[in-house]
Chemist: 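After the structure tokens below, expect a handful of questions from me.
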2 protein chains.
Amino acid sequence: MEKLNERKESILYAIIANYLETGEPVGSRTISKSSDLKLSSATIRNEMSDLEELGFLTSPHTSAGRIPTDKGYRFYVDHIISSKDREVLEVKDLMIAQNEKMEKFFKELVSYVAQNTQLPTVISAPSITKNRVKFVQLSNVDEDHILSVVVMDGNVVRNNVIKVLNPLSNDALLKLNILINTHLTGLTLQQINLGTISKIKEQAGEYADIIESVLNTVADTISDDDLEIYTSGATNIFKYPELSDSQNAIRFLTTFEDKEDLADLINDVQEDVAKSGTGLQVYIGDEAPIQTMKDCSLVTATYDLGDGVKGTIGIIGPKRMDYEKVMTNLNSLKNQIEKTLGRAEETRKNNGNAGDEKV
Amino acid sequence: MEKLNERKESILYAIIANYLETGEPVGSRTISKSSDLKLSSATIRNEMSDLEELGFLTSPHTSAGRIPTDKGYRFYVDHIISSKDREVLEVKDLMIAQNEKMEKFFKELVSYVAQNTQLPTVISAPSITKNRVKFVQLSNVDEDHILSVVVMDGNVVRNNVIKVLNPLSNDALLKLNILINTHLTGLTLQQINLGTISKIKEQAGEYADIIESVLNTVADTISDDDLEIYTSGATNIFKYPELSDSQNAIRFLTTFEDKEDLADLINDVQEDVAKSGTGLQVYIGDEAPIQTMKDCSLVTATYDLGDGVKGTIGIIGPKRMDYEKVMTNLNSLKNQIEKTLGRAEETRKNNGNAGDEKV
DNA sequence: GTTAGCACTCCAAAAACACGAGTGCTAACA
DNA sequence: TGTTAGCACTCGTGTTTTTGGAGTGCTAAC
């Protein structure tokens with residue numbers, strides 16, 4: 001990145017800061033008066049002209065002030081001093097609800113964050129793909145249905161009703177239960193491969209086909225790995241005129257309504273996180289891995305509970321959002337979640353009180 | 001309601017039909033030319049004047065055409081001849097997925113309907129409050145957690161992890177299982193009253209407290225009776241300029257995002273259905289039991305699978321929506337759902353293949 | 001009872017206008 | 001050489017004016 005002398009930096013900073021507040025193109029005179037550098041508007045004008053040439057600023061039309069380009073925003077974001085004494089969201093009230101359902105927790109969390117930031121917010125619940133099977137339980141529902149309940153590490157529970165052609169005796173069921181548990185317990189989803197499966201089937205003898213469908217269902221049920229997506233505050237975009245024209249609003253809201261698109265987005269983000277190693281990501285305009293958001297910025301925090309169990313909180317807003325506030329808050333949430341849920345992870349095997357989960 | 005002579009009816013009908021199509025105030029000349037009654041614009045004007053006096057029409061301003069009042073719409077809706085040979089939505093493709101999860105089914109259904117009607121759509125999954133308990137299964141997760149799985153009629157499954165203070169022996173667990181099942185099987189939620197509970201607790205002896213928490217959790221889990229709400233197509237309101245001004249759009253979208261509001265709405269609708277006895281309801285403007293929709297109409301179909309298991313499909317649109325199409329389609333969907341899911345209900349005990357459910 | 005004709009109303013879109021914020025440039029100044 | 005004052009010019013915004021047309025209500029004739 002180009003080097004800017006100190007004065008240019010200050011001016012650029014001042015311009016962007018002002019623009020973030022007002023959303024209006026900012027003129028030389030404003031900066032001359034507001035900033036603490038004692039410079040006339042003419043001087044500022046010259047510098048602005050330079051900054052425009054360098055690609056940090058642009059003007060919507062000849063006789064308007066300047067607004068930041070994406071490059072300008074990037075400069076700004078990269079220079080944010082990480083959270084001094086900004087007030088920070090506290091989720092401890094929410095965390096009390098920890099032994100309630102995850103689902104409920106995330107619903108509350110997402111609306112809490114959206115409420116506080118006044119921005120559209122999306123959260124993905126921790127994905128469990130690398131989680132281990134704790135135990136599987138099959139039971140008879142009626143003569144042609146059996147119920148399979150799979151409990152994963154973290155007490156995530158999934159269940160499914162399977163149709164069978166012939167009734168199973170309780171005895172047979174017991175045997176199948178033992179068989180399945182012997183082989184699956186402690187394995188992650190990835191580790192349950194064809195080898196394992198055929199071994200189990202072999203030992204199941206006449207019940208091989210049942211095993212087959214049980215295992216399929218188990219895999220199906222668990223690896224139903226569209227991320228669980230929670231959203232809130234979509235309509236907050238209307239607070240920003242620059243995103244409110246109906247064209248934009250429709251595109252945005254449509255994307256926000258489509259959980260699959262969002263899941264893709266989160267997946268992409270999580271890949272980036274894996275590469276970059278930092279949990280906090282800022283995407284400005286085109287940087288975001290989704291076209292419909294080229295006029296927005298996306299700030300994400302990916303929390304990691306270990307064992308590949310992770311989720312992401314994302315906040316979407318106009319490019320001129322209050323990055324500092326959003327970033328510090330997301331960072332704090334990330335830490336809090338990691339601490340609280342993570343601790344639960346740690347202690348679960350001893351005295352844990354981890355929540356329950358939806359199927 | 002006032003009697004209108006035949007000519008007035010035809011004219012009113014023609015005016016409304018035209019307005020539904022165009023969304024523009026309709027003038028006397030248009031009707032004079034388009035309708036098959038051979039009348040001059042002057043005559044039509046006189047009749048229109050009468051209709052305005054009678055409260056069926058109104059004009060936005062002196063020199064504009066006429067638009068229907070709510071009373072006009074009501075006249076129109078009440079006179080719709082029920083579905084001649086309109087094409088009708090077929091959900092059979094969707095129904096194939098019947099052995100998949102309900103949740104998935106409704107997600108697909110709601111987006112399918114929204115897609116086809118190009119209108120915001122809301123669906124409530126069948127509520128299960130009057131459903132019977134089929135069986136309950138407790139199992140040990142680890143030394144201080146037990147898992148309770150409750151299967152309801154219709155193979156609706158709910159599960160929850162309960163924390164216990166002292167580990168339970170498998171033996172004790174078995175006894176509890178038998179005890180609970182003996183007393184609860186076949187009961188609806190309403191039937192599980194204090195009497196039943198204290199009887200069970202008495203018999204549970206030293207495990208009374210566990211029973212207590214199990215029962216609580218069971219009740220909690222099941223009667224978590226915020227209706228399950230699915231929505232889709234919210235952004236379709238932007239297709240109608242009269243609803244697209246940002247004021248309106250924000251209010252509407254906010255309501256549509258808030259599942260609780262929608263649940264209330266559906267509850268109100270279901271009460272109306274109970275009173276009126278008909279599954280199909282049309283609310284025009286203020287008639288809808290929700291303020292934020294006073295500029296919209298709401299068409300609902302409530303399907304009833306018997307035993308108090310019912311759900312509602314609702315479509316929200318501008319007052320000038322294509323009522324005929326929407327009503328016939330909703331009616332058809334209602335019938336299809338009742339037939340398919342209802343049949344499953346019937347036959348479940350024999351050869352059913354009903355789906356599974358989320359917690 | 002129906003229709004042709006006409007004057008009148010009123011909105012919507014287009015055109016005309018004024019305003020002002022902001023720029024770039026030049027020339028003077030330290 | 002860097003800074004500043006001054007000025008002409010640009011261009012978007014908001015306001016007012018103008019115009020056109022669609023539609024009505026009324027009257028008078030059929």
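Both backbone and side-chain heavy atoms feed into the values below; hydrogens, waters and symmetry mates do not. Proteins get letters first, then strands, A, B, ... in listed order; numbering begins at 1 in each. All values derive from a computational prediction rather than experimental measurement.
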Chemist: Can you pull out the residues from residues 19-33 of chain A that lie within a 4.0 Å heavy-atom distance of DNA chain C?
Modeler: Gly27(A), Ser28(A)

Chemist: For the residue pair Lys239(B) and Asn236(B), confirm or rule out a side-chain donor-acceptor distance under 3.5 Å.
Modeler: yes

Chemist: Tell me yes or no: between the side chains of Ser297(A) and Tyr323(A), is some donor less than 3.5 Å from an acceptor?
Modeler: yes

Chemist: Measure CG/Leu39(A) against P/dG2(D) and give the value in whole Å, please.
Modeler: 14 Å

Chemist: Identify all stems in which DNA chain D takes part, counting only runs of at least 3 consecutive pairs (Watson-Crick or G-U wobble, each distance under 3.5 Å), and give each as one range with another, ordered by first number.
Modeler: C:1-30 with D:1-30

Chemist: Tell me the interatomic distance from Glu52(B), atom CD, to dG25(D), atom C1', rounded to whole angstroms.
Modeler: 12 Å

Chemist: Using the test side-chain hydrogen bond (donor to acceptor under 3.5 Å, both in side chains), find all partners of Asp50(B) that sit at least two apart in sequence or belong to another chain.
Modeler: Lys8(B)

Chemist: Quick one, Val282(A) and Ile284(A) - any side-chain contact, counting heavy atoms below 4.5 Å?
Modeler: yes

Chemist: Expressed in angstrom and rounded to an integer, what is the separation of Ile67(A) atom CD1 from dA21(C) atom C1'?
Modeler: 16 Å

Chemist: Which listed nucleotide (dG24(C), dT3(D), dG25(D)) is nearest to the side chain of Arg66(A)?
Modeler: dG24(C)

Chemist: Going by distance alone, is a donor N or O of one side chain under 3.5 Å from an acceptor N or O of the other, for Gln281(B) and Ser276(B)?
Modeler: yes

Chemist: Quickly work out the Lys38(B) NZ to dT3(C) C1' distance and round it to whole Å.
Modeler: 15 Å

Chemist: Any non-hydrogen side-chain atom of Pro289(A) less than 4.5 Å from a side-chain atom of Tyr283(A)?
Modeler: yes

Chemist: Extract from the structure each pairing of a protein N or O with an N or O of nucleotides 8-10 of chain C at less than 3.5 Å, listing the distance.
Modeler:
from: dT9(C); atom 1: O2; to: Ser63(B); atom 2: OG; distance (Å): 3.2
from: dC10(C); atom 1: O4'; to: Ser63(B); atom 2: OG; distance (Å): 3.3
from: dC10(C); atom 1: O2; to: Ser63(B); atom 2: OG; distance (Å): 3.2

Chemist: If we count only N and O atoms by modelled type, under 3.5 Å, do the side chains of Thr312(A) and Thr300(A) hold a donor and an acceptor together?
Modeler: no

Chemist: In terms of heavy-atom contacts, does CD of Gln115(B) have more than 12 from other residues, nucleotides or ligands at under 6.0 Å?
Modeler: no

Chemist: What's the CG-P distance between Leu57(B) and dG23(D), to the nearest Å?
Modeler: 15 Å

Chemist: With side chains defined as the heavy atoms from C-beta onward, is the minimum distance between Tyr76(A) and Pro68(A) less than 4.5 Å?
Modeler: no

Chemist: Check whether Tyr73(A) forms a cation-pi arrangement with Lys319(A) (NZ or CZ under 6.0 Å from the six-membered ring centre, at most 45° off the ring normal).
Modeler: no

Chemist: State the CG-CD distance between Asp70(A) and Glu287(A), to the nearest 0.5 angstrom.
Modeler: 6.5 Å

Chemist: Check nucleotides 14-20 of chain D against the protein and report each pair of N or O atoms closer than 3.5 Å, with its distance, or say if there are none.
Modeler:
none

Chemist: About how many Å separate CD of Glu242(A) and SG of Cys296(A), when rounded to the nearest 0.5 Å?
Modeler: 9.0 Å

Chemist: Would you say the side chains of Thr69(B) and Thr58(B) form a donor-acceptor pair under 3.5 Å?
Modeler: no

Chemist: Atom CG of Leu37(B) to atom C1' of dT2(C): distance rounded to whole Å?
Modeler: 14 Å

Chemist: Does anything in residues 40-48 of chain B reach DNA chain C, meaning a heavy atom under 4.0 Å, and if so which residues?
Modeler: Ser40(B), Ala42(B), Thr43(B), Arg45(B), Asn46(B)

Chemist: For the residue pair Ser28(A) and Arg45(A), confirm or rule out a side-chain donor-acceptor distance under 3.5 Å.
Modeler: yes

Chemist: Rounded at 0.5 Å granularity, tell me how far CD1 in Ile15(B) sits from OH in Tyr13(B).
Modeler: 13.5 Å

Chemist: Looking at Leu262(B) and Thr255(B), what are the two nearest heavy atoms and their distance?
Modeler: CG-O, 3.9 Å

